[in-house]
Each structure stands twice: as structure tokens, then as C-alpha cells.
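Below is one structure, written out as C-alpha cells, with a few remarks after it.
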Number of protein chains: 2
Amino acid sequence: MDKKSPISVTLTPRLESVTVTQWVYQTLRSAVMKGQILPGRALTIRELARVLGVSPMPIREAIRQLSAENALEIQGNRRVMVPKMTAMKFNELCEARIALEPYAAARAMPYLDKEKIEQLRAINALGDQAMAQGNLEEISSLNQGFHRLLYAANPHQVTLPLIESLWLQLGPFMRLATSSLEEYYVIDRHNEAMQAIEKQDSVALQLAIKADIREGIAFVNTPEALHNFIEQSNYAAAN
Amino acid sequence: MDKKSPISVTLTPRLESVTVTQWVYQTLRSAVMKGQILPGRALTIRELARVLGVSPMPIREAIRQLSAENALEIQGNRRVMVPKMTAMKFNELCEARIALEPYAAARAMPYLDKEKIEQLRAINALGDQAMAQGNLEEISSLNQGFHRLLYAANPHQVTLPLIESLWLQLGPFMRLATSSLEEYYVIDRHNEAMQAIEKQDSVALQLAIKADIREGIAFVNTPEALHNFIEQSNYAAAN
DNA sequence: TTTGTATTTTTGTGATCACAATGCTCTAAT
DNA sequence: ATTAGAGCATTGTGATCACAAAAATACAAA
């Protein structure tokens with residue numbers, strides 16, 4: 001029936017207050033993040049409409065939004081797909097994160113009240129828990145939640161959407177890459193970040209965030225390892 | 001007929017090879033950039049469809065894309081408008097530019113061959129010309145073109161879309177603000193940038209870009225001036 | 001004049017349809 | 001066996017329609 005591999009996205013029930021388009025957007029977004037849609041796999045509006053059980057219209061809108069966020073790529077043939085990763089692009093994405101996120105953290109720090117600090121601590125605790133259990137899904141999800149909550153403290157938000165776009169581009173590759181690791185070491189820099197926040201030490205916070213990002217991608221530290229992971233993540237789509 | 005101020009966007013003829021949605025997107029985008037759509041002015045799909053002479057469908061897609069780029073804001077009432085500027089947000093946007101653009105320039109520098117350097121020089125020359133004539137429109141357009149061409153030299157592009165999003169958010173305010181200035185001093189840092197590129201001096205290039213951005217917003221250097229300009233740019237929409 | 005309510009209009013949303021362009025498949029010729 | 005081309009199926013695009021929600025309006029009472 002389908003020429004390529006079948007698409008299976010996790011379907012969550014739609015709340016009534018949410019429009020179909022919003023639900024489709026969230027569903028496709030998390031599918032991309034989870035690596036459920038392989039890079040290079042050609043997507044069609046009608047196929048997705050069938051899979052999600054809606055009309056083509058909401059799909060079109062969600063796809064356009066995701067393309068604007070660089071989560072999907074519209075080719076010249078007006079075909080849509082999850083962009084494939086390259087070593088250079090991966091490098092650029094990581095460096096862009098390092099250029100933006102420490103800055104965003106420093107900008108958010110003055111707005112962190114006791115309540116938000118407590119929330120950050122709570123996420124951190126859950127993260128340690130997930131780490132002990134070796135739950136990769138949970139670890140990366142909580143790690144992302146920590147960063148998001150931190151940056152979002154700044155009420156005059158302009159960087160978070162940009163950072164989310166970077167995450168969205170890195171997400172699928174990171175999932176596919178880490179899924180094959182039996183062990184995933186994360187030297188936790190979040191505690192260092194928390195201490196910097198308590199001292200209101202902007203420089204220390206930036207260094208902690210920077211280190212956290214660098215170490216989060218340390219598993220592809222060598223060029224060969226990176227190359228292997230990229231080959232692997234693009235393999236299924238290459239057929 | 002219309003409850004609020006009429007919308008007048010500059011309509012350029014559509015090329016055949018361009019889809020209606022793309023044309024609508026470009027038209028609305030440049031209208032936002034030119035400040036033709038006042039911040040806070042409520043936009044409706046049908047009204048825009050009437051103004052542009054197309055069906056509501058392409059408008060919907062273009063609006064969704066522009067919203068994803070933070071050029072438009074979808075309110076809870078699911079009403080769409082150009083976001084209003086605040087002093088804090090303006091500050092955040094400028095600082096985000098300064099965090100990203102010098103970095104993007106440094107990342108692009110190794111890829112600047114003679115041809116691209118020549119193109120940059122040509123834009124620079126046109127910029128000086130526009131400056132002599134006091135053509136504000138042209139000055140800011142060429143200035144943006146210079147930056148875009150510089151960053152775009154990097155073939156593994158991830159930052160340019162983020163930067164364009166920042167420009168899109170600053171654009172309308174800058175236009176409205178500078179339009180009331182009879183003189184608009186621009187101390188040209190582009191030549192400094194060019195020299196840094198020739199020497200392949202990454203640090204000097206970053207400093208030049210940083211200075212260029214800072215001086216580009218110097219006309220609202222004092223908090224009072226900024227406040228006045230914001231009041232003024234939001235005035236028409238406040239009625 | 002102001003305030004609350006009922007009526008009318010307009011709006012976003014999502015589905016469906018027509019059409020031209022693109023990709024796919026099957027066949028025939030080399 | 002490989003390839004070129006014709007025919008067919010599928011696609012994205014853009015227009016139109018139905019409907020419920022929201023906003024604007026009109027009108028009543030204070």
C-alpha cells in the first residue's frame with residue numbers, strides 16, 4: 001500500500017478546547033521529536049490525514065507551521081520531509097545552542113523567584129531519579145523541561161522560540177542516536193546551574209549551561225562517532 | 001465599512017511560478033516590515049483576502065507561517081495582529097541580535113570567497129549612495145541585505161532563519177520610529193567589517209557587527225527616547 | 001447618558017471539491 | 001536486461017461551503 005515505511009505516530013486523545021489544527025500540530029511535533037518520522041521519509045498531506053483521522057486541512061496548516069520552525073523541510077518538488085542530518089549541520093546546531101542558551105539563561109536569572117527555583121529543583125530531582133532508572137526518554141524530556149522552565153522565567157520572551165526551533169531540529173537525530181546507546185552518561189551540570197542561580201552569579205550560570213550542552217552531546221565527541229551516528233540515523237530513510 | 005483604519009498593502013504582481021500562498025506570504029511579510037499594518041490592528045482572514053484579491057485559504061496558511069516566525073501574534077480570541085512593542089521587548093530583541101549576529105558572521109567568514117566579498121562591497125557602495133541621498137527606506141533595506149548576504153555565506157545554515165525572525169519583530173517598530181526622524185545618522189561599520197573579513201580576523205568582524213547593531217539602534221539610546229518612540233508607534237493602534 | 005440584554009452579522013474552523021502538476025507503473029523497443 | 005515513453009494514480013493547491021463561536025449592533029430599562 002505505502003511505498004515507504006509506514007508512519008506510526010502516538011495519538012493522544014484530543015481535548016475539546018483544543019482545535020483540530022493545534023492537536024495535529026502537537027501530535028506531529030512530538031512525532032518528529034521522538035524520531036517516529038524518519039528523516040528523508042516523504043510525507044504527504046493525505047497520508048497524514050488518514051493516519052491522524054482528520055481532513056487534509058488541519059494537516060496543511062500544521063505542516064506549514066512546522067516548516068516555518070524548521071522542523072520540516074519543503075523540497076522544491078513541494079514534498080515535505082524531516083530534514084536529514086549532516087555532520088556540519090549538527091555542529092552548527094550545537095554551536096547555535098551554545099551561543100543562545102547561556103545568554104537566555106543569564107537574561108532569565110533575575111526573574112527566578114523562589115517558586116520557580118523550587119520547580120527547577122523538582123525537575124532536577126525527577127531527572128536524577130530517571131537517571132538512576134536509566135530511562136532515556138524521561139532523562140532527555142526532563143532535561144529539556146529544565147532548560148525551558150529556566151529560560152521561560154524571562155517574561156519578555158524572544159529567545160525561547162528560537163531555542164525551541166533548534167531543539168526541534170536536533171531532536172530527531174538525538175533520539176535516533178541515543179536510542180542505540182545502552183548507557184548514556186550525563187554528568188549533571190544542573191546542580192551547578194542551581195548554585196549559580198542562588199548566588200545570582202550570571203557568569204557561573206552561563207558556564208554551567210554551556211557545559212551542560214557540551215556534555216549532552218559528548219557521546220558524539222569524535223568525528224568518527226558523529227559520522228557513524230548520522231549514517232545510522234539516515235539509514236532507514238536511505239532505502 | 002471597516003471599524004478600524006483601512007489596511008493598505010503594496011501589491012506586487014505575482015509571477016506565474018510562485019504559488020498564491022507564497023505570494024501572499026511575501027506580500028504580508030513586507031507589509032509588516034514596512035509598518036503598513038499597525039501593531040495592535042486586528043486582522044481578519046476575510047478582510048485580507050478581500051484586500052489581496054484571493055480566497056481565504058492562502059491567507060490562512062500565510063498567517064500561520066508568519067505567526068510561527070513571531071511576525072504575527074495569535075491572541076486567545078484567535079484574533080491576529082502585529083505584536084505591540086514594549087521597551088523591555090525591544091531591549092530583548094536587540095540583545096538577542098547582538099548574541100546571534102556576531103556569532104553568525106564569524107561562522108560565515110570562512111566561506112566568503114572573492115565573489116561574495118565583491119557582492120558585499122557592491123551593497124556597501126549602494127548603501128553609501130542611499131546615505132548621501134538620505135533615502136531611509138533604501139538605507140535600512142541595503143543594511144539588512146548586507147547582513148543577510150554575509151550570514152548566508154555559511155552553507156550549513158541554521159542561524160539565518162532565527163535572525164530573520166528577530167528582524168521581523170523589530171522591523172515594524174524601526175520603520176515607524178525612524179520615519180519620524182528627519183535625519184538618521186548611521187556611522188558605517190560595514191567597512192570595518194569588510195576589512196576584518198579581508199584579514200580573516202574573526203574577532204574584529206564580531207566587534208564590527210556588534211557595533212553596527214548597537215549604533216543602528218542608537219537613536220533610541222536614552223530610555224525616554226525609547227519610551228516616546230514606542231508610544232508613538234503604538235499610538236494609531238490604541239484608538 | 002449609561003448599562004444590560006437580545007438579535008444580527010461576521011469570524012475562524014474544518015471538510016469537500018476541482019484541477020493542474022507531479023510521480024508512478026506498465027509496456028514496448030532497443 | 002535496460003530504458004524510454006505513454007497512461008494512470010496520487011499529489012498539492014486553491015476555492016467554496018457549512019457551522020458554531022465570537023463580536024458588533026440595536027434596543028430596552030435605569
Side-chain angles (χ1 to χ4, degrees), chain A residues 1-7 11-28 37 40-68 71-82 237-239, chain B residues 1-7 11-28 37 40-68 71-82 237-239:
Chain A
M1 178 174 158
D2 287 328
K3 289 122 268 174
K4 290 211 164 195
S5 57
I7 289 181
L11 298 176
T12 61
R14 181 173 72 86
L15 292 113
E16 267 193 61
S17 60
V18 174
T19 64
V20 176
T21 303
Q22 287 171 329
W23 176 79
V24 168
Y25 169 77
Q26 288 159 2
T27 303
L28 289 182
I37 305 176
R41 168 72 154 83
L43 299 178
T44 65
I45 293 174
R46 284 169 161 94
E47 183 187 10
L48 290 174
R50 244 174 297 147
V51 172
L52 300 197
V54 297
S55 84
M57 184 70 45
I59 305 281
R60 278 165 68 173
E61 300 213 42
I63 283 181
R64 188 158 292 272
Q65 186 168 348
L66 287 166
S67 306
L72 296 178
E73 195 178 79
I74 301 183
Q75 291 171 306
N77 337 331
R78 51 190 179 171
R79 268 268 155 85
V80 177
M81 61 175 212
V82 177
N239 297 11
Chain B
M1 180 173 157
D2 288 329
K3 291 120 266 175
K4 291 211 162 194
S5 58
I7 289 181
L11 298 175
T12 61
R14 181 172 73 87
L15 293 112
E16 265 192 62
S17 59
V18 175
T19 65
V20 176
T21 303
Q22 287 171 329
W23 176 79
V24 168
Y25 168 76
Q26 288 159 2
T27 304
L28 289 182
I37 304 176
R41 167 72 154 84
L43 299 178
T44 65
I45 292 174
R46 284 170 160 93
E47 182 188 11
L48 289 174
R50 245 174 296 148
V51 172
L52 299 197
V54 297
S55 85
M57 183 70 45
I59 305 282
R60 278 166 67 172
E61 300 214 41
I63 282 181
R64 188 157 291 273
Q65 185 168 351
L66 287 167
S67 306
L72 296 178
E73 194 178 81
I74 301 183
Q75 291 171 305
N77 337 330
R78 52 189 179 171
R79 270 267 155 86
V80 177
M81 61 175 213
V82 177
N239 298 12

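Not measured: the values here are computed from a predicted model.
We find that CD1 of B:I59 is positioned 14 Å from C1' of C:dT11, with the value rounded to whole Å. For the pair B:Q75 CD and C:dG12 P, the computed distance is 12 Å after rounding to whole Å. Taking atom CZ of A:R14 as the reference point, atom P of C:dT13 lies 13 Å away to the nearest angstrom. Atom pair B:E47:CD and C:dT11:P shows a separation of 8 Å (rounding to whole Å applied). For the pair B:I63 CD1 and C:dG14 P, the computed distance is 15 Å after rounding to whole Å. Put simply, CE on B:M81 is 15 Å from P on C:dG12, counting in whole angstrom units. Atom P of nucleotide C:dG12 and atom CZ of B:R64 are separated by 12 Å, given to the nearest angstrom. Remark: P of D:dG14 and CH2 of B:W23 are 11 Å apart, rounded to the nearest angstrom.
For C:dG14, the OP1/OP2 oxygens have no side-chain nitrogen or oxygen of A:S55 closer than 4.0 Å.
Between D:dT11, D:dG14, C:dT11, one nucleotide has an atom nearer to the side chain of A:R50 than all others, and that is D:dT11. Listed nucleotides: D:dT11, D:dG14, C:dG14. Nearest to the side chain of B:R60: C:dG14.
Just one residue in the list A:V80, A:I7, A:V82 forms a side chain to side chain contact (heavy atoms under 4.5 Å, CB included) with A:R41, and that residue is A:I7.
Comparing A:T21 and A:R79 by the nucleotide of DNA chain C that holds the closest heavy atom to each, the one mapping nearer the 5' end is A:T21. Each of B:R46 and B:M57 lies near DNA chain C, and the nucleotide nearest B:R46 is the one positioned closer to the 5' end.
Pairing each heavy atom of B:E47 with each of B:A42, the nearest pair is OE1-O, 4.3 Å. Considering all non-hydrogen atoms of both residues, B:A62 and B:V24 come closest at CB-CG1, 3.6 Å. Closest approach of B:V20 and B:R14 over heavy atoms only: CG2-CZ, 3.7 Å.
Within the 4.0 angstrom heavy-atom criterion, only backbone atoms of the sugar-phosphate kind lie near A:L43; the bases stay farther away.
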Item checked: Verdict with reasoning, A:L48 to A:I63, per side chain to side chain contact (heavy atoms under 4.5 Å, CB included) -> CA-CA 10 Å; A:L48 290 174; A:I63 283 181; 4.0 Å; yes
